[in-house]
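To keep things clear, I will list the structure first and then write my remarks on it.
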Amino acid sequence: MSNIEQTLSIIKPDAVERNLDNEIKEMFKNKGFKIIKEKKIQMAKSDAEQFYKVHETKPFYNDLCTYLSSGPIVAMILEKKNSVLGNREFMGATNPKDAGEGTIRKKYGISIDKNSVHGSDSIENAKIEIDFFFKD
Ligand code: IDP
Ligand code: MG
């Protein structure tokens, strides 16, 4: 039986700015994730607003979209068994202060907003987010 899944990961501007993208990609590979596709881009603010639309009523929405579009990011399709949940666990808690040992956010996250990585939170959202970056 196969539950190989794909999920969408983003290395956020704070991490790309510190040249951590290769190190983070190595962390994923060492954890058994295959990087199926990747691209380094800078998002327009309007794209960030669409990507984070689920958060549009939150007080931090505008800052979040400004931040995500503030510099280059690396968007990746990751593949592994149970990759959606596996990636969420490997990223660690949203606030790096609460992130567990061995997680990416524990190692590299600076603050709740500059937390180095994004990961899809459900199989359904993974499909939507993969299409957002890679459908063409
Ligand atoms: P997640 O990235 O762990 O899935 P979400 O709740 O989906 O967390 O929030 C999306 C992003 O919005 C977070 O990664 C973080 O950068 C930012 N964010 C979440 N909560 C706050 C907050 O309370 N203040 C500022 N930024 C926040
Ligand atoms: Mg989220």
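Both counts, for ligands and for their atoms, begin at 1 and track the order of listing.
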Extract all N/O-N/O pairs under 3.5 Å that connect ligand 1 to the protein, and present each with both atom names and the distance rounded to 0.1 Å.
| residue | atom | partner | partner atom | Å |
| --- | --- | --- | --- | --- |
| ligand 1 | 2 (O) | R105 | NH2 | 3.0 |
| ligand 1 | 3 (O) | R88 | NH2 | 3.2 |
| ligand 1 | 3 (O) | T94 | OG1 | 2.5 |
| ligand 1 | 3 (O) | R105 | NH1 | 3.0 |
| ligand 1 | 4 (O) | R88 | NH1 | 2.8 |
| ligand 1 | 4 (O) | R88 | NH2 | 3.1 |
| ligand 1 | 7 (O) | H55 | NE2 | 2.9 |
| ligand 1 | 8 (O) | T94 | OG1 | 3.3 |
| ligand 1 | 9 (O) | H55 | NE2 | 3.4 |
| ligand 1 | 14 (O) | K12 | NZ | 2.9 |
| ligand 1 | 14 (O) | N115 | ND2 | 2.9 |
| ligand 1 | 16 (O) | K12 | NZ | 3.2 |
| ligand 1 | 16 (O) | I112 | O | 3.1 |
| ligand 1 | 16 (O) | D113 | O | 3.3 |

- Minimum heavy-atom separation for G71 to P13, with atom names? O-CG, 3.8 Å

- Does D14 come within less than 4.0 Å of R18, counting only side-chain N to carboxylate O? yes

- Query: Where is the tightest heavy-atom contact between K40 and P72, given as atom of each residue plus distance?
  - Reply: CG-CB, 4.4 Å

- Message: Does anything in residues 5-37 form a ring-ring contact (aromatic ring centres under 6.0 Å, His included)? List the pairs, not counting sequence neighbours.
- Response: F28-F33, F28-F90

- SB check K107 E23 (cutoff 4.0 Å): no

- Message: Ring of F133, cation from K39 - is the NZ or CZ under 6.0 Å from the centre and inside 45° of the axis?
- Response: no

